[in-house]
Chemist: 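Below: one structure in structure tokens.
Letters A, B, ... are given to chains in the order of the sequence lines, protein chains preceding strands, and every chain is numbered from 1.
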Amino acid sequence: MAEERRPKQCTVVLPTESMKAMAESIGVGQLQEESCAALSEEVSYRIKEIAQDALKFMHHGKRRKLTTSDIDHALKLKNVEPLYGFQSQEFIPFRFASGGGRELHFYEEKEVDLSDIINTPLPRVPLDVSLKAHWLSIEGVQPAIPENPPPAPKEQQKAESTEPLKVVKPGQEEEGSIQKGQGATSAEAKGKKEGLMRMKPRSTHELSVEQQLYYKEITEACVGSCEAKRAEALQSIATDPGLYQMLPRFSTFISEGVRVNVVQNNLALLIYLMRMVKALMDNPTLYLEKYLHELIPAVVTCIVSKQLCLRPDVDNHWALRDFAARLMAQSCKTFSTTTNNIQSRITKTFTKSWLDEKTQWTTRYGCIAGLSELGPDVIKTLILPRLTVEGARIKAVSEGPVVSNIDKIGADHVQSLLLKHCASVIAKTRPLPDNMEQYRADYGYLGPMLCSHVVKARAQAALQAQQVNRTTLTITQPRPTLTVSQSGIGGSGGSRSPSIIKVPSSLTLMSTRPGTPTQPSPPATKYIVMATSAGASSTQQVITLSSSSGSSVTSTVASATSTLQPLVKLESRGAGGLGGSRPLQKYIVVSLPTSASSSLESKSGMLPPSSSTSPISLEAGMKMDRSDSPGASTQSPH
Amino acid sequence: MAAVQDGQHNLEVEKDIKTEITNDGSGNINANSSSPGSTSSGGKSKSPAGSGEDQQTLLAVLQFLKRNKLTESVDILRREAGLSADADDSPVSESAGAGSGGVPNVGADGGDANSLLSRVSIATPVAPPATAPPKVVAASGGEDQPDVNVVLSAYSQQGDPVMYPLYYNGLKKFIESVLDCHRAELSQVFYPLFVHMYLELVYNNHENEAKQFFEKFSGDQECYYEEDLRILSSMSKKEHMKGNETMLDFRTSKFVLRISRDSYQLLKRHLQERQNNQIWNIIQEHLYIDIFDGMPRSKSQIDAMSGSLAGEGKRDANKAKVFYGLLKEPEIEVPLDDEDEEAENEEGKPKKKKPKKDSMGSKSKKQDPNAPQQTRIPLPELKDSDKLDKIMNMKEATKKIRLGPDNLPSICFYSFLNAYQGLTAVDFTDDSSLIAGGFADSTVRVWSVTPKKLRRVKSAADLSNIDKESDDVLERIMDEKTASESKILYGHSGPVYGISFSPDRNYLLSSSEDGTVRLWSLQTFTCLVGYKGHNYPVWDTQFSPYGYYFISGGHDRVARLWATDHYQPLRMFAGHLADITCTRFHPNANYVATGSADRTIRLWDVLTGNCVRILTGHKGPIHSLAFSPNGKFMASGATDSRVLLWDVGHGLMVGELKGHTDTIYALKFSRDGEILASGSMDNTVKLWDTLKAFDDVELDDFTAATGHIHLPENSQELLLGTYMTKSTPVIHLHFTRRNLLLAAGAYNP
């Protein structure tokens with residue numbers, strides 16, 4: 001509770017404007033400045049006093065959250081009538097509005113139609129309090145049951161793997177410190193007293209009977225024939241907290257499984273095993289780093305192996321390669337460190353075999369897939385320069401004498417793969433216009449096709465950006481944590497109420513990397529979209545916050561600003577038309593409740609200047625950037 | 001009331017403890033505090049203060065009493081004052097001290113009028129709720145104004161506000177330049193000096209200077225004073241000082257510092273050389289410097305003890321003898337008809353049992369030399385059912401697991417589901433058959449955790465139809481139709497913060513925000529009595545280990561001792577400077593420990609009503625207390641997330657257990673006192689090796705006499721286990737008779 005520094009607290013006083021606003025709200029106009037100052041100090045002091053008392057109630061209520069009832073009780077303590085009608089919710093959203101040089105934070109109370117309340121059916125009665133007992137510890141050892149937290153948190157697993165001699169058993173983290181002959185559990189203590197050395201963990205290798213059963217069930221379900229059972233098992237692997245003891249076994253199971261099934265060309269089983277890898281990676285409680293040496297070769301095998309199925313011409317082993325490539329990219333992202341250098345090592349491996357002339361089409365496909373999943377940067381530096389060479393090779397297969405059907409299929413797949421991945425990157429990096437001939441000169445055989453793909457990609461991106469604009473206007477979520485202020489110019493005339501934004505709301509959009517709308521890719525960029533509508537001047541504006549972390553030009557700017565700027569930065573790339581046919585639109589808003597002059601500004605708009613009447617007053621320190629290629633796309637989760 | 005407790009105790013309660021219901025309580029305190037325990041009058045008469053000032057003081061007290069219509073007290077006071085003009089100040093200071101919250105033996109320090117006055121006037125915020133019936137309290141808001149002014153007027157001395165930072169800086173420079181061994185001790189002066197200088201500035205309307213002063217020097221203060229500094233910083237106007245409790249605490253209670261004679265001389269010489277009267281005045285008026293001979297203490301020693309609202313406890317405060325031994329158990333013929341095996345157990349390992357258990361073997365009937373007299377306070381007579389229970393207890397005890405570092409207890413966790421952050425208090429019965437929870441929605445719920453369901457007694461009409469002669473009459477009076485696993489008790493009008501089962505499992509106490517303590521019958525599941533007296537939230541309550549008495553403490557800073565069949569308290573323990581946050585009975589029921597938000601723990605003698613121990617060292621409000629089963633030690637947990645261990649007999653801190661990361665709400669010793677379990681807001685239960693903790697402490701005569709203890713830094717060695725719960729703060733812990741640990745808390749998804 002005491003994070004803030006003291007000197008600050010000394011000076012925190014409510015602004016005098018608040019006093020004025022409050023006075024006006026109860027019908028006292030013309031409050032003098034001095035009275036306001038005196039009042040504000042007094043009020044600030046009293047509020048602090050009440051907050052201190054309320055904290056007392058919070059402590060005795062054994063809570064970490066201060067609730068409105070605590071405030072009520074504190075008021076009661078001071079012999080002040082409590083505030084009625086403020087029920088504690090998770091939080092009370094304060095709205096912010098300004099206008100006529102005034103700013104207001106207010107608690108929005110909607111008018112409620114009584115008949116509506118009467119007519120709505122009663123909500124479900126909340127569950128009654130009940131008591132449930134479980135074993136937190138049995139003779140000093142915490143059992144791994146769902147009621148208890150995961151027995152070994154990730155940090156502990158990490159500590160175990162990095163310092164294997166210092167064994168820590170669940171529930172006895174201090175055991176390491178009692179090595180001087182103060183063992184924790186009776187049996188061990190007696191045995192350990194002579195030898196101070198702790199040997200490698202024993203807990204990780206011995207499974208209880210239940211765990212053995214569980215392991216058997218899970219592995220059987222994972223590779224069995226029943227899809228429903230498999231889904232359940234995978235779900236269990238992905239979520240259950242207490243699996244770390246079985247992790248070495250799972251890891252071996254997978255790597256052995258891949259080894260055997262690759263030889264036998266059993267595509268289905270390979271897919272199942274890869275799904276297991278995915279589930280393991282999804283489990284937040286597992287510390288996988290220790291087992292990467294087994295998992296990564298297995299995954300890589302599934303990407304680049306020459307043959308993965310019995311009938312390469314019919315079976316869709318391409319999907320497995322794609323899936324495994326995505327897994328690989330994901331593990332690169334999560335596990336790559338400066339010491340293990342997974343990403344660079346993997347990249348090297350892929351490139352090496354890709355550059356090899358004798359590499360088969362299947363492996364070639366895997367290499368390219370693996371590389372391109374690693375992100376636009378890798379595509380730009382490693383794949384784009386080789387497009388010409390690769391194009392020639394594809395041309396040789398598809399236009400030359402038919403060597404074998406398998407080769408032809410392989411070449412086709414490689415071609416579409418290249419087009420898919422490269423187009424999105426080019427769309428973002430290459431300046432307009434898209435000239436067919438220019439493309440042919442740059443990229444060779446694949447050039448023309450690439451050109452049309454890029455055009456398509458750009459169009460789609462633009463379309464999507466537009467869609468986001470349109471849809472967010474209707475989004476009203478009752479969770480505005482950010483508030484937007486707009487000074488309506490004279491919209492409300494001289495009246496006291498400033499133009500209040502009716503539906504300020506913020507929501508978070510998970511979006512894929514800009515420019516690759518069709519293909520889901522791991523890095524989720526967060527967009528905060530704010531929809532506002534000015535009360536008086538019926539303009540509706542959408543602001544998108546983009547902090548895209550791609551490799552595009554815009555991104556660098558965006559990230560630079562976000563580090564410089566502690567404020568919230570909102571930026572929207574409006575619908576860019578094809579070939580610049582449509583005007584770019586961008587709104588940038590910085591709005592913070594404390595800032596003195598937060599304002600919303602619209603600059604160049606689809607909206608005709610006449611209707612959008614917002615004045616231009618930019619907050620200092622706000623950055624604007626205009627995307628050169630209007631390919632920014634966002635996906636609304638709705 | 002008829003149902004409250006068997007009406008048959010012709011206990012000498014009335015005789016012994018003069019709780020005249022006609023008297024309004026303040027007389028009660030007067031009577032108590034003039035008991036031989038206090039030693040103040042001697043030092044008093046030597047005081048140079050003029051008799052005119054004494055007279056003034058007396059008048060002020062009389063005025064106050066009159067205003068509150070405490071005519072009886074006025075009479076007593078008059079009589080005593082007239083009776084012996086010489087000693088007239090001693091009863092005054094006594095009554096003021098006791099009635100107002102002053103330390104009972106404040107008398108030892110100087111008798112200058114200001115400090116006396118100030119002590120008188122603390123009575124104002126505290127005394128009205130404490131001593132007077134509710135109707136007076138209601139009006140107290142307006143009445144305490146003049147007295148506050150009296151308090152504040154001490155600040156009115158005018159100094160040049162510009163000089164304050166210079167003075168402070170000068171002293172700071174001086175202290176920084178003295179020898180290392182003195183520096184730590186003298187640095188203690190900084191905080192109280194800072195506070196009082198700031199308050200003086202504020203009082204004299206030098207708002208800006210005060211702010212500057214605060215900003216300049218607040219960073220220098222010890223981090224554990226942060227809470228108080230924050231309150232202080234919000235006070236920037238003279239008007240704020242009125243009615244601010246923290247301010248009053250600073251003003252009215254002298255900040256106690258322990259400084260060695262050498263260091264003190266050094267300071268004194270410096271201040272006199274510099275003619276630094278401003279600081280000297282403050283030290284004289286607002287600080288109490290407890291001078292001792294010997295080595296100056298080290299920084300860590302000082303830090304261990306400081307942190308409370310009013311400095312350390314004075315050494316004198318902890319000198320009184322505390323009978324911490326256990327009472328002899330009454331002899332009960334144990335029917336050894338069951339199995340021989342059990343009998344063998346009892347004979348076979350007699351040394352294993354605590355002295356308490358020894359009493360059942362006829363050989364060891366020695367009285368513990370540290371135990372109080374059996375009849376020191378009257379205890380309720382044992383009923384047949386109590387005896388049965390005791391026998392059960394002993395039988396269970398023989399099956400008890402011996403705990404130790406090699407043999408950790410199993411922990412059974414009771415999670416309250418769907419409590420919606422509303423669980424505020426939990427208690428188990430001693431035999432672990434029932435569990436009760438207090439909730440923020442004002443309800444109290446009782447669960448049976450055994451297959452035996454909770455049943456109500458039949459209604460009066462049905463009861464009359466029962467054959468009273470039959471053997472199973474106790475079974476027949478129960479209404480089978482009402483059998484259920486849990487019962488809800490409605491009656492409070494505010495969150496229930498404290499809850500306690502009676503040892504015989506027939507009653508349940510609950511204390512609430514609404515200012516009442518309620519006694520519930522677990523036979524009828526109805527409320528029997530509402531004890532009114534606290535007018536503010538009652539934070540905690542607990543039954544005495546022998547039943548009948550109970551203690552409660554709350555926001556009004558007064559702990560009250562009640563008997564279930566009296567609607568007014570038998571004792572009021574006043575002295576804490578802030579809310580009393582938790583209350584615990586000593587296992588021998590002769591003492592009561594209270595923990596407070598002023599960051600001190602006090603131990604009170606139930607017989608005399610005196611405060612016999614003031615334990616400082618916590619840096620935050622204390623939220624849990626536990627006595628070791630042998631009564632010798634005490635553990636306390638606070639918001640500073642530390643557990644401190646205390647030797648009750650010597651009044652010394654003997655251990656510090658670090659490891660938790662949040663407020664500790666639950667503490668419990670195992671049945672043999674070998675293990676201490678602590679439960680915290682940080683969702684963990686931790687087990688500590690207390691045997692080792694108490695063994696490690698070497699108590700020679702010197703440390704015992706001076707209280708300067710070196711705490712071993714061994715928390716990590718003492719920690720035996722940490723058990724995380726799944727987002728469930730641990731708010732209660734209980735060892736069953738067989739040493740199984742039960743824990744409880746509400747699951748907060």
Chemist: Check whether any side-chain heavy atom of B:Asp662 sits under 4.5 Å from a side-chain heavy atom of A:Arg64, and report yes or no.
Modeler: yes
Chemist: Does any part of the side chain of A:Asp128, heavy atoms only, come nearer than 4.5 Å to the side chain of B:Arg445, both counted from C-beta?
Modeler: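 Side chain of B:Arg445 against side chain of A:Asp128, heavy atoms only: contact under 4.5 Å found.
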Chemist: Could you look at A:Glu42 and say if it's the side chain, the backbone, both or neither that has a heavy atom under 4.5 Å from chain B?
Modeler: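 Both parts, heavy atoms under 4.5 Å.
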Chemist: Side chains of A:Phe57 and B:Glu513: does their closest heavy-atom pair fall under 4.5 Å?
Modeler: yes
Chemist: Could you please spell out the steps behind the side-chain contact (heavy atoms from CB on, under 4.5 Å) verdict for A:Glu41 and B:Glu207?
Modeler: CA-CA 12 Å; A:Glu41 270 188 49; B:Glu207 197 183 321; 3.2 Å; yes
Chemist: If I take atom CZ from residue A:Arg63 and atom OG1 from residue B:Thr424, how far apart are they, to the nearest 0.5 angstrom?
Modeler: 8.5 Å
Chemist: Does the side chain of B:Thr581 reach to within under 4.5 Å of the side chain of A:His60, using non-hydrogen atoms?
Modeler: yes
Chemist: Identify the heavy atoms of A:Gly61 and B:Tyr497 that sit nearest to each other, and give their distance.
Modeler: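 In terms of heavy atoms, the two residues are closest at N-CE2, 3.9 Å.
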Chemist: Shortest non-hydrogen contact from B:Ile411 to A:Trp135?
Modeler: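 Heavy atoms only, the tightest pair is O-CE3, 3.3 Å.
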Chemist: Search all heavy atoms of A:Ser130 against all heavy atoms of B:Asn418 and return the closest pair with its distance.
Modeler: OG-ND2, 4.1 Å
Chemist: Can you tell which part of B:Asn748 gets under 4.5 Å to a heavy atom of chain A, answering side chain, backbone, both or neither?
Modeler: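 When you check distances to chain A, no heavy atom of B:Asn748 falls under 4.5 Å.
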Chemist: Among B:Met681, B:Glu485, B:His623, who wins on heavy-atom pairs under 4.5 Å with chain A?
Modeler: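 Counting heavy-atom pairs under 4.5 Å, the top option is B:Met681.
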Chemist: Answer with side chain, backbone, both or neither: which region of B:Phe439 has an atom nearer than 4.5 Å to a non-hydrogen atom of chain A?
Modeler: side chain
Chemist: Could you give the distance from NE2 (A:His73) to CG (B:Asp514), rounded to the nearest 0.5 Å?
Modeler: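 Rounded to the nearest 0.5 Å, the NE2-CG separation comes to 9.0 Å.
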Chemist: Looking at CZ of B:Phe413 and CD of A:Glu147, how far apart are the two atoms once the value is rounded to the nearest 0.5 Å?
Modeler: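 Going from CZ on B:Phe413 over to CD on A:Glu147, the span is 11.5 Å.
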Chemist: Tell me, out of B:Pro729, B:Pro537, B:Ala743, who's got the most heavy-atom pairs with chain A below 4.5 Å.
Modeler: B:Pro537
Chemist: Working to the nearest 0.5 Å, report the span between CG of B:Leu740 and CD of A:Glu139.
Modeler: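 The distance works out to 10.5 Å.
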Chemist: In terms of heavy-atom proximity below 4.5 Å to chain A, should B:Leu417 be classed as side chain, backbone, both, or neither?
Modeler: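 Both the backbone and the side chain of B:Leu417 come within 4.5 Å of chain A.
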Chemist: What part of B:Val449 gets closer than 4.5 Å to chain A, counting heavy atoms only: side chain, backbone, both or neither?
Modeler: side chain
Chemist: Quick one: pull up SG in B:Cys412 and CG in A:Leu136 and give me the separation to the nearest 0.5 Å.
Modeler: 9.0 Å
Chemist: Hey, could you give me the OG1/NE2 distance between B:Thr663 and A:His59, rounded to the nearest 0.5 Å?
Modeler: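 The distance works out to 5.5 Å.
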Chemist: Sort B:Phe416 into side chain, backbone, both or neither according to what part of it lies under 4.5 angstrom from a heavy atom of chain A.
Modeler: both
Chemist: At a heavy-atom separation under 4.5 Å, does B:Ile435 approach chain A through its side chain, its backbone, both, or neither?
Modeler: side chain
